[in-house]
Amino acid sequence: MDTVLVTGGRGASGRWVVDRLAGDYEVVVVDYDHPGLGVNPASNVSFRAADLAEREQALDVVAAVDPDAVVHWAAIPVAGTHPEGRVFETNALAAKHVLDAAGRAGAPVVQASSDGAYGFFFAEPTPFPDELPVTEGHPLRPEDPYGLSKVTAEAAAGAVARRHGVSAVSVRPSWIQYPGDYACRADEYVTDLEAGAGNFWSYVDVRDVADLVAAALADLLGDDSAVALGTHEAINCVAADNALGRPLLELLRESYGEVSDDCAVDGSALAEGDDRGAYAVAKAEQLFGWTPSRSWRDAADEAVTEPALFEG
């Protein structure tokens, strides 16, 4: 069984990723804190502690594990919760160090990026996209430290892939939601159109995120990967519909006044009356056979037990 090192695996979304992978791999979770020697880990899961923003610690822990692949999921997950410099430095340095270590180990990488890399959500005012749906080729124009850290991490992934001849994938989730606890269906969000305008009312279920990580990882570790050695691919990870269940073009006109003439609208992919999301997900299906399968219509009130990675 292959060994996969997962950073940030004890985090809110990271634990779902670990739980999804643990049936197929030996998963070594590396996080800032260790759960303690007295815990009873889930099957195929073990833990190590390291400050990944410290280069020597990151290089040392990856070298010690010598994984077959690395999933880099550790980060300060959103802007506004820490000083700006700390958000950027922590995320960018941890990504650079972990990716360098993975390259030295000859291990392919799947890492967490974000739709924040495009630069829509935290900009003032929110810029209108150059295209609808937004593909992975859309320019990245972040103004905030979180989005900038993700662009930096993606650039680092490309550099490591080229330098070490490994494959790398950056997953760009939208606002991650959890079954039974969909923040994008809270009254204050649904009744205030502007609450979700910054990312065009997009979201994604955490299980779909974990499924995409698993699909990308299986591809990278396979004999005939869709991602060539020495290359890096960024992949949108977004639900098929928008969080309000209304036609996207209607929402955009109501919020922004009109659809910008400078925006190239793909009529074949975004018809009038269509409640789909603003981001294209065809690339994930093309490369990895992944399509989003969960919607707020079912998952917002779904009773699902949260993954437990250990007992004790």
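Just so it is clear, the values below take in all heavy atoms, side chains as well, and ignore hydrogens, waters and symmetry mates. Quick caveat: nothing in here was measured; it's all calculated off a predicted structure.
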Kindly write out the residues that satisfy side-chain hydrogen bond (donor to acceptor under 3.5 Å, both in side chains) with Arg246, not counting sequence neighbours, or none if the list is empty. Glu250, Glu254
Sorted by chain and residue number, the salt bridge (charged side-chain N to carboxylate O under 4.0 Å, His left out) partners of Glu272 (sequence neighbours excluded) come out as Arg253
What pairs meet the salt bridge (charged side-chain N to carboxylate O under 4.0 Å, His left out) rule with one or both residues in residues 59-69, with sequence neighbours excluded? none
Which residue pairs satisfy the side chain to side chain donor-acceptor pair (under 3.5 Å) criterion with at least one member in residues 30-46, sequence neighbours excluded? none
Taking the side chain as everything from C-beta on, heavy atoms only, tell me whether Val213 gets closer than 4.5 Å to Phe288. no
If a pair satisfies side chain to side chain donor-acceptor pair (under 3.5 Å) and one of its residues is in residues 160-185, list it, with sequence neighbours excluded. Gln111-Ser170, Asp115-Ser174, Tyr118-Arg172, Glu154-Arg172, Ser170-His232, Ser174-Asn199, Tyr182-Asp205
Under the rule for ring-ring contact (aromatic ring centres under 6.0 Å, His included), what residues qualify as partners of Phe200, not counting sequence neighbours? Phe120
All side-chain hydrogen bond (donor to acceptor under 3.5 Å, both in side chains) counterparts of Thr3, not counting sequence neighbours: none
Besides Leu148, the hydrophobic cluster formed by Ile, Leu, Val, Met, Phe, Trp and Tyr side chains linked at under 4.5 Å, directly or via other members, contains Phe88
side-chain hydrogen bond (donor to acceptor under 3.5 Å, both in side chains) with Glu302: which residues, sequence neighbours excluded? Arg207
Would you please name every residue forming a salt bridge (charged side-chain N to carboxylate O under 4.0 Å, His left out) with Arg20, sequence neighbours left out? Asp24, Asp211
Do Ser202 and Asn242 have side-chain N/O donor and acceptor atoms under 3.5 Å apart? no
Arg55: side-chain hydrogen bond (donor to acceptor under 3.5 Å, both in side chains) partners, not counting sequence neighbours: His97, Asp100
By side-chain contact (heavy atoms from CB on, under 4.5 Å), which residues pair with Glu188, not counting sequence neighbours? Ala186
